[in-house]
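This report refers to the structure that appears directly beneath it.
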Amino acid sequence: MPPPSRLLAVLPAGAVQPPPFDVLLKLHAHLLVSGLLSHSPSPYGDRLIAAIALSDPASPRPLLHALSLLASLPSPPYSASPYNAALRALSSCQHQHLLDRHCLPLYRALLRSGSARPDHLTFPFLLKACARVQDRAYGAVVLGHTQKLGFSADVFVVNAAMYFLSVCGSMVHARRLFDESPVRDVVSWNTLIGGYVRRGLPKEAIELFWRMVEENTAVRPDEVTMIGAVLGCAQMGDLQLGKRLHEFLEGNGVRCTVRLMNTVMDMYVKCGSLELAKSVFERIDTRTVVSWTTMIVGHARLGLMEDARRLFDEMPERDVFPWNALMAGYVQSKKGKEAIALFHEMQEARVDPNEITMVNLLSACSQLGALEIGMWVHHYIDKHHLYLSLALGTSLVDMYAKCGSIKKAIRVFKEIPDKNALTWTAMICGLANHGHAVEAIEYFQRMINLGLQPDEITFIGVLSACCHAGLVEEGRQFFSLMHAKYHLERKMKHYSCMIDLLGRAGHLDEAEQLVNTMPMDPDAVVWGALFFACRMHGNITLGEKAAMKLVELDPGDSGIYVLLANMYAEANMRKKADKVRVMMRHLGVEKVPGCSFIELNGVVHEFIVKDKSHLDTNAIYACLHEITIQMKHAANMIEISETGIM
DNA sequence: GTAGGGTTAG
């Protein structure tokens with residue numbers, strides 16, 4: 001151990017990286033034994049606390065040790081510096097619970113110490129910490145202290161105050177501080193620009209950016225400024241502005257770091273120019289995982305999954321992000337099978353999945369109806385004690401409902417602690433699709449009573465519930481309610497639902513009128529619903545009209561010709577039925593083979609009509625044959641029992 | 001010594 005005279009050199013003041021935690025622990029013991037910590041006041045205690053607090057940001061232990069040391073000093077510190085060091089470590093520590101628990105007590109202890117006073121370093125750390133714990137009320141108190149103690153002209157304090165307000169308060173207040181501040185530096189501008197972007201106010205951010213450029217003061221935009229401006233531009237999706245910003249930063253000597261160029265790439269992707277994103281990507285010579293992931297996302301969003309996969313394979317190292325990005329791409333392209341295969345690959349590569357992986361995986365299960373895998377995911381979440389977040393809970397509800405297990409969907413739904421409108425919507429749609437119309441409407445009422453705002457999808461749920469149950473009057477009410485009370489735009493899907501409901505119930509005139517007055521061109525689903533209703537109720541004239549529209553919309557679709565022929569046949573119009581069949585042959589319309597999936601032991605198998613490619617084809621067909629016989633037998637039994645012979 | 005920043009999911 002060094003003699004006391006050299007200890008202060010071992011315990012550096014300021015930004016120098018302190019020695020490792022275990023060395024400092026020994027030093028602590030040494031200081032205790034030699035009585036150097038019991039002097040009052042003692043520079044050793046201050047420096048020791050600061051050094052320990054900052055010795056290892058990755059572990060919570062040093063910080064806790066420093067905090068307890070601070071509380072147990074025989075005499076209070078005579079400057080704010082040990083408090084500052086602890087606050088500095090807290091304000092940037094990764095352990096949110098430590099921050100939540102210790103931040104404010106620490107500042108209160110400083111105020112109560114009597115010997116130390118908050119200084120110009122205390123407030124930047126403290127305000128950052130307040131922003132991170134989202135404590136509006138206490139932050140406001142702290143802001144009051146900065147004024148009272150005369151820090152209104154300290155640019156570091158003002159900037160930190162602006163940051164706090166931009167996170168926890170209002171941008172108007174942050175802006176006022178900016179406008180009234182006697183001093184501004186590049187961080188002041190960046191904080192405000194960044195605040196606007198975080199609050200989803202890109203216009204204000206860009207406006208401020210141009211003002212910063214035009215005022216042409218000593219303050220010039222730097223890398224952080226440009227990241228803010230480019231992010232704002234990405235939010236607006238304005239490609240022209242994006243190009244201008246890109247040119248600006250290249251012409252004004254802004255450091256083109258990887259971080260900035262990644263942001264530019266992301267902006268080009270969001271503004272719809274994969275080409276420009278690609279050209280930026282090719283000019284980055286030290287690409288990071290983020291650069292590659294952004295390119296994967298860019299390709300995946302356009303459905304270019306083969307290119308996305310190629311990029312994924314080419315990249316030198318991968319964390320969970322690129323795996324999730326590629327998986328999300330497969331899910332969005334409705335390639336659930338590939339998404340699940342990728343998850344298996346991910347497990348083989350020993351990459352830990354996170355919540356987002358699970359959400360994607362559940363979407364894939366929903367698409368495929370893969371209940372077994374979905375249940376495995378549920379089990380995995382329980383086993384690994386993953387928090388049932390809103391996104392995860394909602395995905396689980398959706399998966400169980402779409403995979404046919406409405407009871408499990410309801411059970412999960414009840415377990416989710418803070419349900420939002422999306423969660424309720426998933427449940428309502430699930431109930432509706434399972435034919436539980438009354439329950440779906442009941443859930444809708446409960447959701448409304450909780451004060452939650454339904455969206456367009458919620459109404460698709462309730463309208464389809466009405467449709468399944470033939471609740472015409474309720475349907476009419478919901479249909480007008482969504483527009484009149486909730487100011488939601490009625491989309492194609494709502495109209496098709498409503499037309500289906502009216503048509504099935506035999507209100508063909510009302511259905512036709514709705515088709516004629518709807519604000520968009522009716523699609524195939526609308527005409528299909530109308531056609532179905534006409535066939536059901538024997539309205540041949542209107543049915544023909546709907547069928548013609550369907551042919552117009554998709555001349556290659558064989559289905560409608562078949563259905564039209566069936567409609568004529570049912571109405572005993574044999575000649576017309578034959579005519580349609582002849583027409584089909586002339587036009588060379590081919591029947592599209594049907595296709596289906598089945599999940600077995602966690603593997604999804606795909607079949608098309610008359611498919612013989614599966615390894616177990618013979619066994620499958622034998623089984624199918626057996627089932628068919630049994631079903632016919634069962635049907636006969638029912639028929640017999642219903643006719644009263646048995 | 002202090003303040004400001006990018007990527008994944010819906």
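The chains referred to below are lettered A, B, ... by the order of the sequence lines, with proteins before strands, and numbering in each begins at 1. Atom set for the values below is all heavy atoms of this structure, side chains included, hydrogens, waters and symmetry mates excluded.
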Step through the shown structure and confirm whether more than 12 heavy atoms of other residues, nucleotides or ligands are within 6.0 Å of CZ on A:Arg117. no
Stacked cation flag A:Lys419 on A:Phe413, 6.0 angstrom / 45 deg: yes
Report the distance from atom CZ of A:Phe151 to atom P of B:dA3, rounded to the nearest whole Å. 15 Å
Measure CG/A:Leu208 against C1'/B:dG5 and give the value in whole Å, please. 16 Å
Reckon A:Glu355 touches a base, only the sugar-phosphate, or nothing at all at heavy-atom distances under 4.0 Å? nothing
Once you round it to whole Å, what is the distance between P of B:dG10 and NZ of A:Lys419? 22 Å
Round to a whole Å and report the spacing from CD of A:Gln332 to P of B:dA9. 6 Å
Tell me whether the count of non-hydrogen atoms from other residues, nucleotides or ligands lying under 6.0 Å of CZ in A:Arg211 goes above 12. yes
Is it true that atom CD of A:Glu317 has more than 12 heavy atoms of other residues, nucleotides or ligands lying nearer than 6.0 Å? no
Taking atom C1' of B:dT2 as reference, at what distance in whole Å does atom CZ of A:Arg88 sit? 8 Å
Trace of the salt bridge (charged side-chain N to carboxylate O under 4.0 Å, His left out) decision for A:Arg309 with A:Glu345: CA-CA 13 Å; A:Arg309 176 73 212 208; A:Glu345 260 186 78; 2.9 Å; yes
Identify whether any heavy atom of A:Asp222 sits under 4.0 Å from a base atom; if not, whether one sits that close to sugar-phosphate; answer base, sugar-phosphate or nothing. base
What does A:Phe125 touch in the nucleic acid at a heavy-atom separation under 4.0 angstrom: a base, only the sugar-phosphate, or nothing? sugar-phosphate
May I ask you to decide if the ring planes of A:Phe444 and A:Tyr486 are parallel, tilted or perpendicular, using 30° and 60° as cut-offs? perpendicular
Round to a whole Å and report the spacing from OH of A:Tyr330 to P of B:dG10. 16 Å
Hey, what are the protein-to-nucleotides 6-8 of chain B N/O distances that come in under 3.5 Å?
| unit_1 | atom_1 | unit_2 | atom_2 | d |
| --- | --- | --- | --- | --- |
| B:dG6 | N2 | A:Asn262 | ND2 | 2.4 |

Nearest whole angstrom, please: distance from the P of B:dA3 to the CG of A:Leu121. 9 Å
Determine the contact category for A:Asp185: base if any of its heavy atoms lies under 4.0 Å from a base atom, sugar-phosphate if only primed atoms, P, OP1 or OP2 are that close, otherwise nothing. base
To the nearest angstrom, how far is A:Trp189 atom CH2 from B:dG5 atom P? 18 Å
Would you call the rings of A:His145 and A:Tyr107 parallel, tilted or perpendicular if under 30° counts as parallel and over 60° as perpendicular? tilted
